[in-house]
Amino acid sequence: MPPATTSTHSADVLVVGWGLSGLVAASEAAAAGRKVVLVDQEPRSNLGGQAWWSFGGLFFVDSPEQRRMGIKDSLDLARQDWFGTAGFDREEDAWPKRWAEAYLQFAAGEKRAWLREKGVGFFPVVGWAERGGYGATGPGNSVPRFHITWGTGPGIVAPFAAAVEGAEAAGRITILPRHRVTSLTTAGGAVSGAAGEVLAPSGSVRGAASSREVVGAFEVTASATIVASGGIGGNHDLVRAMWPPRLGTAPATMVTGVPAYVDGSMLPVAEASGARIINGDRMWHYVEGLQNWNPVWPDHGIRILPGPSSLWLDATGHRLPVPLYPGFDTLGTLAHLRATGHDHSWFVLSHRIIEKEFTLSGSEQNPDLTGKDLPLLVRSRLGKGAAGPVQAFMDHGADFVVRDDLEALIAGMKALPGGEVLDGDRVRLELEARDREIENDFTKDAQIAMLRSARAYRGDKLVRTAVPHRILDPAAGPLIAVKLHVLTRKSLGGIETDLSGRALDASGAPVAGLYAAGEASGFGGGGVHGYRALEGTFVGGCLFSGRIAGRAAASAV
């Protein structure tokens, strides 16, 4: 039976979803003097969405931080890297390519100053993620570009949340938690707002799953509607349904890198109103996922942000091929591992490596950076021993094996679920061969050559790369093996949009009154990243597309 009561609201601009792109869009529209309604299906504890949980990495081009670290970057080099990584090759890539060019101009131009004006600061050491390891025109970052927000995800969310809440206090924005959109309404051939269900109040903490009990209905009329509802990473069934053959078969088991509310439910709603969804088979998942020993949402996984020294083995103990080293090519590694027929792989490393090279993704896993705690940062990043969150996983995590000798380590690996396929003799061969190579100044081992190259960059030498050594050296021990899982994360496709954020229909014409931003739009255009992404561009894509959609919607009404 349908709910008995329907609440009604009106606005100039309706924003569906209060993740980072939605907050940016709502704040921009309100700053332009428009009346805004902001709705989300979750309780207000989740304001900021999944960006709040992020590491807060941002992609800049030729930034002051890069120049201080001796990094020579340019717009031309960044464009070469972006398009070489994206691999655009479809008719549907026309708008994504334009978005890519516009975003590169933003990242090389006003992006940093715009954020600095809002009080956002950055860690001075620039990270080098997605290094590629192929030719100059292949995928990967040629130089370090990963700028960590001082305050991580909460630090990047804070100014936009404050702007939205300030506009709410001034009466320019109405925030409606627990309002789930089930349809977009139309009038006169244009999208005129949305209708949906009011869900029961929930006291769920940030990120935790909330109930879907329906207690009412609502309608919002608006001159412009912005869909900023996120992707599909919390919905494993949908991830598997969209899984592309080029990445092999979908995993039978995965861990989840985003809260359960990242369910893709708004995409068919937008499609039913005429919006075209493109590139749904493009997605971004990690292969360094851990089962969280202290989960917040169902199947909560944490990603390791590894330095380049760990030996990466498949489930049987065979070393991954060139250039699939930790931190080099996320989707290349995913495709290779899916072809092995197993859902897990292994890092094998020394304690000396883990204390220098392991960082865990997520604001809650980096209390020093998130809390802007300089003394803790110095102890965590430069002191002896593993950082506190990493040590907690070593102590409590189901995927860690820590032993004093190789035979005991292999036995511990075999004892974990799936460990029966491990060839202990192969693990021994791979480790001993690698260690023979590292004792020489000359080597044919490409990972060791890349490791030495990485230490030529001051940032890596300071905080991210251990001094090269034999993994089996007892002085570097104990030995550590980490079982790795596929971890769901991002949708790289979505609602096709023009450079004003207007949703487009199957003919390429704008759907009147409808806009999209953030992951729901593939971070711009329906897939600004193409097949692969350069790290630091997801949060930045939310900022850029939310800003464009908010300003354009405000100008149109």
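Because only heavy atoms are used, hydrogens play no part in the values below, and waters and symmetry mates are left out as well, while side chains stay in.
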Without placing hydrogens or testing angles, list every side-chain donor-acceptor pair under 3.5 Å for residues 511-525, not counting sequence neighbours.
{"unit_1": "Glu519", "atom_1": "OE2", "unit_2": "Ser491", "atom_2": "N", "d": "2.7"}
{"unit_1": "Ser521", "atom_1": "OG", "unit_2": "Gly518", "atom_2": "O", "d": "2.9"}
{"unit_1": "Ser521", "atom_1": "OG", "unit_2": "Gly524", "atom_2": "N", "d": "3.2"}

Whether Asn141 side chain and Ala129 backbone form a donor-acceptor pair below 3.5 Å: yes
No-hydrogen, no-angle side-chain donor-acceptor test under 3.5 Å, Ser192 and Thr185: yes
Lys111 NZ/CZ over Phe60 ring centroid, <6.0 Å and within 45° of normal: yes
From CG (Asp498) to CH2 (Trp99), nearest 0.5 Å: 8.0 Å
Ring pair (Phe, Tyr, Trp, His ring centres under 6.0 Å) pairs, two or more places apart, involving residues 219-269: Trp243-His285
Pair Trp114 + Phe160: ring centers closer than 6.0 Å: yes
Residues which pass side chain to side chain donor-acceptor pair (under 3.5 Å) with Glu213, listed by chain and number, not counting sequence neighbours: none
Euclidean distance, Arg206 CZ relative to Ser363 OG, rounded to 0.5 Å: 8.5 Å
Lys97, Arg98, Gln105 screened by side chain to side chain donor-acceptor pair (under 3.5 Å) with Glu101, the one that passes: Gln105
Polar side chain donor-acceptor pair, Thr488 to Arg240, under 3.5 angstrom: no
Exercise: do Ser74 and Asp76 side chains pair donor with acceptor under 3.5 Å: no
Donor-acceptor contact present, side-chain Trp297 to main-chain Thr256, <3.5 Å: yes
Arg172 versus Thr174, side-chain donor and acceptor atoms under 3.5 Å: no
Positive for side chain to side chain donor-acceptor pair (under 3.5 Å) with His485, one of Asp399, Asp299, Asp343, Thr253: Asp399
